[in-house]
Every structure is written in C-alpha cells, then in structure tokens.
Amino acid sequence: MELKKYKLGEILDVTRGASLSGEFYATEGKYIRLTCGNFDYQNNCFKENKSKDNLYYISDFKPEFLMEEGDIITPLTEQAIGLLGSTAIIPESGKYIQSQDVAKIICKEELLDKDFAFYLISSTLVKQQLSAAAQQTKIRHTSPDKIRDCTVWIPELTEQKRIGKLLRSLDRKIELNRAINQNLPTLDRSLRAVEVRHVA
C-alpha cells in the first residue's frame, strides 16, 4: 500500500465554533451547546454531557454553527489528559451548537474519506503532534491552525474508504457489546423477578 504525505490542512478544513455568551445558558431549551464533555475520549465517540445543567443556549446564533448528523468534531481544549485529538460524530441534526471549544472537521472529499478522517484525527500520530504543539497552560489548548499543520501519511481514496468502512463496522460491534453489557444487570433483575413470581 502506497502512502502519500500531506499536511492535514491540504486534505481537510477545521472551523472553530461560536463564542456563546454565558448569560444565555439555560437548563432547558431547543439547542444544546457542545462542550468538551461531549467527547467520550476513552472510547473515541460522542456522549451526552450529563455533568452540567446549563447546557442549553437560548439566544440567536449563526446557522452555520448548528450541527448536522454525521459531522465530525474534535476538542480545542484539553480538560482531561488525552482529550486533544479525540473525535466524535454528531448523532442528530438541528440540536447541537458548535461552541468555541469545539472544532468541526470538513473533509476535501476528493482527497479524504470521512470515515477514514474520523480515525486519522484520533490516531496516535496526530495526537502526539497536537500534544507537542499544545499551549502549555494549566488547561492546554490547540487551534484549527495547529490541527491543519499536523503531518500525516495516507493511502489513496479507494483504500481509505475500505479501511474507514471496516473500522466503522468494528466500532458499531463494540458499541453494541457495550450496550449489552450495560443492560445485563437490568436484564438479570428482571429475570429474577420473573423467577420469584413463577415460584410464588
């Protein structure tokens, strides 16, 4: 397999989200603002943020910051070690607002497959470059420019599509197994209740 060297900025674009005023945060509403809490960085997937109760935003914002299902996002702030370079996929259209701590990844589709890009951004190769370039403050930051400046080696598009499809398929099986494992205690309690009623 032949690999070609690129800067990420040659094969994708990175946009920063909106600066949202805290005075319009709310405990309920129509739109949820994305935060670093939406990244399950250990499993490299999207999660609903349950750590805050003021996640809704109830003022106007530009329509380009409203996310679509399938959009790829990555954090610009490292609020936990290992967060930089994580990726997540937006699960639903018209619900989430891209905030300034979250970058959106937009593939140049003639050069980069979207599924492949999801795994490329979260690869050790890219994570190490982002970590090395991160601003060394108490909470480390990266930027769209620093993401664009990362060097990668990728195969041609047909091979990217094959690899991306395979990895997505494996991830779905892992997610399914995780869901089954999470539901086992509930299932076990239900079966015991049925057994108790049957014996009675």
Inspect the contact between Arg148 and Asp145 and indicate whether a charged nitrogen and a carboxylate oxygen are less than 4.0 angstrom apart. yes
When you check the side-chain N and O atoms of Ser122 and Asn44, is any donor under 3.5 Å from an acceptor? yes
May I ask you to check whether Arg16 and Ser143 show a side-chain donor-acceptor distance below 3.5 Å? no
Going by distance alone, is a donor N or O of one side chain under 3.5 Å from an acceptor N or O of the other, for Asp171 and Tyr119? yes
Please find the pair of heavy atoms, one from Thr87 and one from Phe118, that lie closest to each other, and give the distance. OG1-O, 3.1 Å
With side chains defined as the heavy atoms from C-beta onward, is the minimum distance between Thr151 and Gln129 less than 4.5 Å? yes
Using the benzene-type ring in the case of Trp, are the ring centres of Phe46 and Tyr96 under 6.0 Å apart? yes
Can you tell me how far apart CD1 (Ile81) and CZ (Arg140) are? Round to the nearest 0.5 Å. 6.0 Å
If only side-chain N and O atoms count, and only distance matters, is there a donor-acceptor pair under 3.5 Å linking Asn49 with Thr35? yes
Glu159 side chain near Met1 side chain, heavy-atom distance below 4.5 Å: yes
Would Ile147 and Ile139 show up in the same hydrophobic cluster when neighbours are defined by side-chain heavy atoms closer than 4.5 Å? no
Answer whether the closest heavy-atom distance between the side chains of Arg33 and Tyr25 falls below 4.5 Å. yes
Would you kindly confirm whether Leu120 and Leu167 end up in one hydrophobic cluster when ILVMFWY residues are joined by side chain heavy atoms under 4.5 Å apart? yes
4.5 Å side-chain heavy-atom contact, Leu76 and Gln100: no
Does some side-chain heavy atom of Pro155 sit less than 4.5 Å from a side-chain heavy atom of Phe116? yes
Any carboxylate oxygen within less than 4.0 angstrom of a Lys/Arg side-chain nitrogen, looking at Glu92 and Lys95? yes
Flag the pair Ile72 / Lys104 as yes when at least one side-chain heavy-atom distance between them is below 4.5 Å, and no otherwise. no
If we only count heavy atoms from C-beta on, is the Arg168 to Ile89 side-chain gap below 4.5 Å? yes
Connected via hydrophobic side-chain network under 4.5 Å: Leu111 and Ile154: yes
Between Asp115 and Lys161, does at least one N-O distance fall below 4.0 Å, as a salt bridge requires? no
Report yes if the side chains of Glu110 and Leu157 come closer than 4.5 Å at any heavy-atom pair, otherwise no. no
State which residue, out of Phe61, Phe24, Phe65, fulfils the ring pair (Phe, Tyr, Trp, His ring centres under 6.0 Å) condition with Tyr31. Phe61
